[in-house]
Undergrad: 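Just dropping this structure here.
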Amino acid sequence: AKAPMRVAVTGAAGQIGYSLLFRIANGDLLGKDQPVILQLLEIDNEKAQNALKGVIMEIDDCAFPLLAGVSAHSDPMTAFKDADIALLVGARPRSAGMERKDLLEANAQIFTVQGKALDAVASRNVKVLVVGNPANTNAYIAMKSAPNLPAKNFTAMLRLDHNRALSQIAAKTGKPVASIEKLAVWGNHSPTMYADYRFATIDGKSVKESINDDAWNKDTFLPTVAKRGTAIIEARGVSSAASAANAAIDHVRDWVLGTNGKWVTMGIPSDGSYGIPKDTMFGFPVTTENGEYKIVQGLDIDAFSQERINLTLKELTEEREGVKHLLA
Ligand code: NAI
């Protein structure tokens, strides 16, 4: 039997946590033959720690055959000990009257501490996914706070945007999502992200040619994907959680187990590809193999796409500038 892998999850008593933990323990993340140990972090306050206890009782009550252990933590230094996978979901939400700048700074604080803790105690091969918003900048901060870990081990979640785009294309073309390949989402996990189906195919046939409607792309598709989070809050009263948890599972599973040549979107530190400055935590189309991702190279960037990419890059650069003083 395989040795258990340690999966640390922050914000474990939150909404996304409640959809995520049970699927990890069920084998959806790392495979049905891979035992897991859950190391769950919540903030050091009674209400959150009690809620976490309750969630753990429910996890226990599922009697998951693959679950080799579960522990509750309020200190990242113990939560991240020897972690093979770290899902950084917990973040500071925007409260009333909070400026964007305050939000960035509050989160910078959290992700500096957590980056340092990962640096100190996690497995040297830890794979980190940041879900908590602003996800790209939080991932960048964690990466910069962990100089002893490879920068490539830090990633941000754009998979929900990718999956949202897939579902819109499937609905438009009337074809199953599983038949769609070669979709890309560029940039920041925010409404500026650029979902790009110019290279996408369905059963080998060009999606762009089948849809053949640039106005639909610009006026319907892109705004629908960009504003999907808001639409869900308006409909449900709370933000997307199960779909976010599902995207986190997709992201890490594909990273660990490989995509067999299929393109997926990951927020990763740029290597300079497509003119994105090195280390910028940016959504790119990637393929993965043997636990490593590779940016899909050689794609033609037309004027419209370049404009969109510049816009999302500008936003990320501004976010980074806003927290620079905290990274000294
Ligand atoms: P939630 O508010 O229900 O849960 C967050 C949990 O994190 C809370 O239980 C809180 O106590 C905990 N937490 C806060 N700071 C923490 C810290 N320093 N250490 C450990 N735990 C901490 O929020 P929800 O719905 O679960 O969302 C979590 C985050 O994911 C939010 O920032 C949200 O904006 C983001 N998100 C990102 C998406 C993406 O595509 N990248 C999609 C959907 C949500």
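Remember, it's a predicted structure, so these values are computed and weren't measured experimentally. Atoms within a ligand are numbered from 1 in the order they appear, just like the ligands themselves.
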Undergrad: Using the ring-ring contact (aromatic ring centres under 6.0 Å, His included) criterion, which residues pair with Phe80? Sequence neighbours excluded.
TA: none

Undergrad: Got a donor-acceptor contact below 3.5 angstrom from the Ser179 side chain to the Pro176 backbone?
TA: yes

Undergrad: Under 3.5 Å, is there a donor-acceptor pair between the side chain of Ser270 and the main chain of Thr280?
TA: no

Undergrad: Could you list the residues that satisfy ring-ring contact (aromatic ring centres under 6.0 Å, His included) with Phe221, not counting sequence neighbours?
TA: Tyr197, Trp216

Undergrad: Answer yes or no: is there a side-chain heavy-atom contact under 4.5 Å between Val131 and Leu88?
TA: no

Undergrad: For His162, what residues pass the ring-ring contact (aromatic ring centres under 6.0 Å, His included) criterion, not counting sequence neighbours?
TA: none

Undergrad: Identify all N/O pairs between ligand 1 and the protein with a separation under 3.5 Å and present them as a table of atom names and distances.
TA:
residue, atom, partner, partner atom, Å
ligand 1, 3 (O), Gln15, N, 2.9
ligand 1, 9 (O), Glu42, OE1, 3.4
ligand 1, 9 (O), Glu42, OE2, 2.6
ligand 1, 11 (O), Glu42, OE1, 2.7
ligand 1, 19 (N), Gln114, NE2, 3.3
ligand 1, 21 (N), Gly11, N, 3.3
ligand 1, 25 (O), Gln15, NE2, 3.1
ligand 1, 26 (O), Gln15, N, 3.4
ligand 1, 26 (O), Ile16, N, 2.9
ligand 1, 32 (O), Asn133, N, 3.0
ligand 1, 34 (O), Asn133, ND2, 2.8
ligand 1, 36 (N), Asn133, ND2, 3.4
ligand 1, 40 (O), His189, NE2, 3.1
ligand 1, 41 (N), Val131, O, 3.2
ligand 1, 41 (N), His189, NE2, 3.4

